[in-house]
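Following: one structure in structure tokens, then a few remarks.
Protein chains get the first letters and strands the later ones, always in sequence-line order, with residue 1 at the start of each.
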Amino acid sequence: MAGRKRKLQTETLSSRLKAKVALLGQKEPPVAPVGGNAAPGEAAGDPHLRLGQDFFNQPCITLAKAFLGKVLVRRCVDGTELRGRIVETEAYLGGEDKASHSAGGKRTERNTAMFMKPGTIYVYPIYGIYLCMNVSSEGEGAAVLLRSLEPLQGQPVMRQLRAARRKEGSPQLKDKQLCNGPSKLCQALDIPRRFDRRDLASDPEVWLETDPDAGPAGPRDVVSAPRVGIESHGEWAKKPWRFYLRGHPCVSVVNKEAEKQSGNEMKDTGRQNVQSTETTPCCGNIV
DNA sequence: GTAGGGATGGTCT
DNA sequence: GACCATCCCTACA
């Protein structure tokens with residue numbers, strides 16, 4: 001019964017995905033002009049804002065924290081730019097980190113990007129139907145998973161992209177629901193599998209910028225919590241290597257226990273992750 | 001608003 | 001053949 005229901009959903013889903021492909025090639029709702037068109041051989045985006053190779057070349061945990069507050073930009077085929085501020089990341093160190101795809105130095109066709117130069121995008125499929133986006137850092141096999149964004153620009157397009165995988169007639173997604181999860185942000189920004197192994201420092205379709213409007217996030221604004229979805233990895237699942245902006249409504253999973261301890265020195269937080277609901281907004285434009 | 005169940009197919013052993 | 005860094009829907013409080 002449930003299988004039949006799912007099949008029906010999948011069928012409508014595939015036709016909606018086709019609509020999504022068409023959508024990306026067509027005229028999209030107007031968005032504020034930002035950045036500029038890159039000349040051939042020149043990195044896209046505003047050179048004053050775009051983060052280069054130096055930024056990515058830092059230790060995994062440091063980079064995971066440094067990502068918070070930075071802006072991920074996706075330029076579509078028609079020049080439309082989608083922007084989202086990074087509010088949640090996870091560090092996967094590789095090597096001895098048993099929860100990492102590159103644990104034990106294991107290198108496969110899938111995770112090759114994790115061993116490439118810092119700033120290389122690692123996109124992989126999960127649970128058959130979703131994608132997750134990582135960025136490699138300094139260190140052999142180390143990478144940072146991007147978990148959540150705060151939508152800043154192009155929300156109507158993001159909403160359409162996300163709706164392509166949802167049941168028809170579902171209530172419209174609020175802004176804060178567009179990118180509050182690793183696979184959701186890939187859908188909302190149309191990050192496809194082909195972006196795997198691309199260089200975030202030089203790619204013309206996707207890059208990272210500093211946010212000139214954002215103040216620096218101090219240590220007390222950042223919560224360190226255990227990573228999500230890796231319970232089977234024992235002790236490694238408890239490492240507080242998930243980082244998010246305290247009180248931000250776009251965080252996918254809030255951990256109240258970790259929030260109490262962050263700032264005091266986090267120890268063992270146990271399993272206190274809860275699905276994000278309504279938290280105190282720290283920015284005014286999230287509906 | 002929250003909790004629980006179930007789907008999905010690529011990747012790895 | 002089993003696992004999985006997720007998501008969505010439904011039922012219930």
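- At the phosphate of C:dC4, OP1 or OP2 sits under 4.0 Å from a side-chain N or O atom of A:S232.
- The side chain of A:I126 lies closest to C:dC4, out of C:dC7, B:dT11, C:dC4.
- Of the candidates B:dC12, C:dA5, C:dT6, C:dA5 carries the atom nearest the A:H233 side chain, counting heavy atoms from C-beta on.
- Side-chain atoms of A:K176 and A:N180 include no donor-acceptor pair closer than 3.5 Å.
- In this structure, A:L173 atom CG and C:dC7 atom P are separated by 12 Å, rounded to whole Å.
- Scanning both residues, A:R159 and A:K174, for their nearest heavy atoms gives NH2-C, 4.0 Å.
- Close to C:dC7, at under 4.0 Å from its OP1 or OP2, lies no side-chain N or O of A:R162.
- Protein atom OH of A:Y124 is 18 Å distant from nucleotide atom P of B:dG9, rounded to whole Å.
- Each of C:dC8, C:dT6, B:dC12 was ranked by its minimum atom distance to the side chain of A:Y130; first place goes to C:dT6.
- Without hydrogens or angle criteria, A:S100 side chain to A:L93 main chain gives no donor-acceptor distance under 3.5 Å.
- The nearest whole Å value for the distance from the CD1 atom in A:I129 to the P atom in B:dT11 is 15 Å.
- As a whole-Å value, the separation of A:M114 CE from B:dT11 P is 15 Å.
- C:dA5 atom P lies 18 Å from atom CZ of A:F243, rounded to whole Å.
- Distance, A:M133 CE to C:dT6 P: 16 Å, rounded to whole Å.
- The shortest distance between the side-chain N/O atoms of A:S170 and the OP1/OP2 oxygens of C:dC8 is not below 4.0 Å.
- With rounding to whole Å, A:H101 atom NE2 is found 11 Å from B:dT13 atom P.
- Whole-Å rounding puts the A:L145 CG to C:dT6 C1' distance at 11 Å.
- One finds a side-chain N or O of A:R193 lying less than 4.0 angstrom from the OP1 or OP2 phosphate oxygen of B:dT11.
- Put simply, A:Y127 does not rest on the base of B:dT8: the two rings are not both less than 5.5 Å apart at their centres and under 30° in tilt.
- Looking only at atom types and distance, the side chain of A:S252 has a donor-acceptor partner in the side chain of A:E88 under 3.5 Å away.
- Figure legend. C:dC4 is base-paired to B:dG9; pairs are counted as Watson-Crick or G-U wobble with both atom distances under 3.5 Å.
- Residue A:R110 has a polar side-chain atom (N or O) positioned under 4.0 Å from OP1 or OP2 of B:dC12.
- Picking from C:dC8, C:dA5, B:dC12 the nucleotide with the shortest atom distance to the side chain of A:K106 gives B:dC12.
- When only modelled atom types and interatomic distance are considered, A:E90 and A:Y244 share no side-chain donor-acceptor pair under 3.5 Å.
- By the stacking rule of 5.5 Å between ring centres and under 30° between planes, A:Y92 stacks on the base of C:dA5.
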